[in-house]
Amino acid sequence: MHSYRVAVIGAGYVGLTTAACLASLGHRVTCGEVDAAKVERLRRADVRILEPGLPELVAEGLAAGRLDFVVGAAAATADAEVVFLCVPTPMGEGGTADLTAVEAVLTEVRDHLPAGCVLVNKSTVPVGTAERTAALLGRDDVAVVSNPEFLREGSGVRDFLNPDRIVVGSRSRAAAERVSALYAGLGAPTVLTDAASAEMVKYAANCFLAMKLSYVNSLAELCERLGADIGDVTEGMGRDNRIGPSFLDPGPGWGGSCLPKDTNALMRVAEAAGFDFGILRSVIAANDRQADRVADKVAEAVGGSVAGVRIGLLGLTFKAGTNDLRDSPALAVAGVLHARGADLVGYDPGLLALDQPEAHDLLAAAGILTLVDDVLDVAKDAAALVVLTEWPEFRGLDWHRVADALAGRVVVDGRNHLDPDALAKAGIAWRGLGHRHAQQSLTAPA
Ligand code: UGA
């Protein structure tokens, strides 16, 4: 496979994973990052993102001389054949994607990009951005390509190296082919299209996933009312190949840095295009209700009101396997419980794993709970425990010791993650989402 000289702009989650993985495929990658302290750390392979395999790949790339980190975008692009833009596109005013970082990088690199290089947008950007990028660049000798990423936090390296598909869009066929050639070693099906369609694929995929989840969360509520079991229902429907078994686990809502931002952005794009995207509006509205729904379950479990009641929260990140608190449904539930007067204590294994002042600052700023670093401290004197993130270690807890620490003997399982029988043996009642046994009463300790 041909080895390309690649620049990656941005050493955030997507940029760092892209840089390290492309280096592992044999390309020579320079990653440009605006934060000088981060560059310094990365040159020592000090990775602060909780992502399996990423620190190792960064270390390998550095040692092999195929990966380097520099401060700034222009410095990274000096002799690049392909330049990836991997900068954040957060939710801006009114839900639209904020392109400030993308535009700042374009201004910085415009006069530095080598003639004949290809500029690739990996950041999630509104449909039409590739065309705008080309106009902003004003360089006929640089082709613009859209190559959306489909990486999940917590399995980004695995997703990058084992993609379901590669999507590459451009008005220049030669540029699109050069970008697909970077991934040649992966043997993934490749969709070559125009830039607008590639940009649309990203929104279409994330919004479809959100739709699946809002659907299953609504279905869980209905199952409860009708005495059906969501676990059996999703197994029954998920075995239909047209539906598939993944993304069918009910939870406290979908969150993270992507799904909420992208559903809102596509809503705004549709509005601007004069299209009433009613389905997507309902998908978002159903998710907005989910935190209240879980909080109602908690209130019910402790006798009707959480005011002045101590509640222990298990899991605070937006899903298991990450230390990311951005748009975390767990924090949305915590916010509702706090507003109703609950006294909250929280524990999350992802927040113990690394030194991460940002996460602790975010929690302190929210001021809604006390963070503890021992699972038994979260149970201590709590009227109920609430599972909000599906960390595997929660399943293996010593429920007898937890029961001894608890004041009340009930766990609200907002992820349907625990084994109700293991809890029952310790004398703890389990209440899940959408289960026939959601209201399972306390059984005598074995
Ligand atoms: C998501 C997409 O899955 C990636 O394909 C995409 O590349 C990425 O956004 C992005 O745009 O960069 P991620 O944000 O890491 O990835 O999170 P997901 O694994 O998709 O989970 C999103 C939310 O749905 C989480 O809150 C998770 O707990 C929830 N979820 C997921 C459920 O409640 N149930 C499920 O069955 C699956």
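Every number for a ligand or one of its atoms is a count from 1 in the order of the listing. Just so you know, residue 1 is the first one in the sequence shown, and it goes up from there.
In terms of protein heavy-atom proximity, atom 2 (C) of ligand 1 is nearest to Asn206 OD1, 3.6 Å. Closest to atom 4 (C) of ligand 1 among all protein heavy atoms lies Leu151 O, 3.5 Å. The protein atom (non-hydrogen) at minimum distance from atom 13 (P) of ligand 1 is Lys319 NZ, 3.8 Å. Looking only at protein heavy atoms, the nearest one to atom 12 (O) of ligand 1 is Glu149 OE2, 2.7 Å. Arg152 CG, 3.4 Å is the protein heavy atom nearest to atom 3 (O) of ligand 1. With hydrogens left out, the protein atom closest to atom 20 (O) of ligand 1 is Phe247 CZ, 3.1 Å, a heavy atom. From the protein, the heavy atom lying nearest to atom 36 (O) of ligand 1 is Asp249 N, 2.9 Å. Here the heavy atom of the protein found nearest to atom 5 (O) of ligand 1 is Phe150 O, 3.4 Å.
At distances below 3.5 Å, not a single donor-acceptor pair connects side-chain atoms of Arg171 with backbone N or O atoms of Ala195. Ser155 places no side-chain N or O within donor-acceptor distance of the main-chain N or O of Arg158, the cut-off being under 3.5 Å. Thr263 places no side-chain N or O within donor-acceptor distance of the main-chain N or O of Cys207, the cut-off being under 3.5 Å.
Between Cys258 and ligand 1, no pair of N/O atoms sits closer than 3.5 Å. Checking only distances, Phe318 does come within under 3.5 Å of ligand 1, N or O to N or O. Considering backbone and side-chain N/O of Thr124, none are found under 3.5 Å from N/O of ligand 1.
Note: Ser282 OG to Asn287 CG = 12.5 Å, rounded to the nearest 0.5 Å.
Only the side chain of Arg415 comes within 4.0 Å of ligand 1, counting heavy atoms alone; its backbone N, CA, C and O stay farther away.
Interface atoms of ligand 1 facing Leu259, defined by a heavy-atom separation under 4.0 Å, are 1 (C), 9 (O), 22 (C). Each of the following atoms of ligand 1 lies closer than 4.0 Å to a heavy atom of Leu209: 3 (O). Atoms of ligand 1 found under 4.0 Å from any heavy atom of Trp254, numbered from 1 in the order shown, are 23 (C), 24 (O), 26 (O). Of all the atoms in ligand 1, the ones that sit under 4.0 Å from a non-hydrogen atom of Glu153 are 15 (O).
If you run side-chain contact (heavy atoms from CB on, under 4.5 Å) between Phe150 and each of Asp159, Ile166, Asp164, Val201, only Val201 comes through. Checking each of Arg5, Arg43, Arg28 against Asp68 for a salt bridge (charged side-chain N to carboxylate O under 4.0 Å, His left out) leaves exactly one that passes, namely Arg43.
Here the side chains of Arg289 and Glu221 are not in contact, with every heavy-atom distance at 4.5 Å or above. Residues Val283 and Trp254 have side chains in contact (heavy-atom distance under 4.5 Å, counting atoms from C-beta outward). Phe247 has its side chain within reach of Leu213: a pair of non-hydrogen atoms, C-beta onward, lies under 4.5 Å apart.
Residues Leu385 and Ala379 approach most closely at CD2-CA, 4.0 Å, considering heavy atoms.
Residue Leu213 places a heavy atom less than 4.0 Å from ligand 1. Under a 4.0 angstrom heavy-atom cut-off, Gly255 registers as being in contact with ligand 1. The closest approach between Gly256 and ligand 1 stays at or above 4.0 Å for every heavy atom of the residue.
A donor-acceptor pair shorter than 3.5 Å can be found between the side chains of Asp348 and Trp391.
Looking at Lys297 and Glu300, no side-chain N of the basic residue comes within less than 4.0 Å of a carboxylate O on the acidic one, giving no salt bridge.
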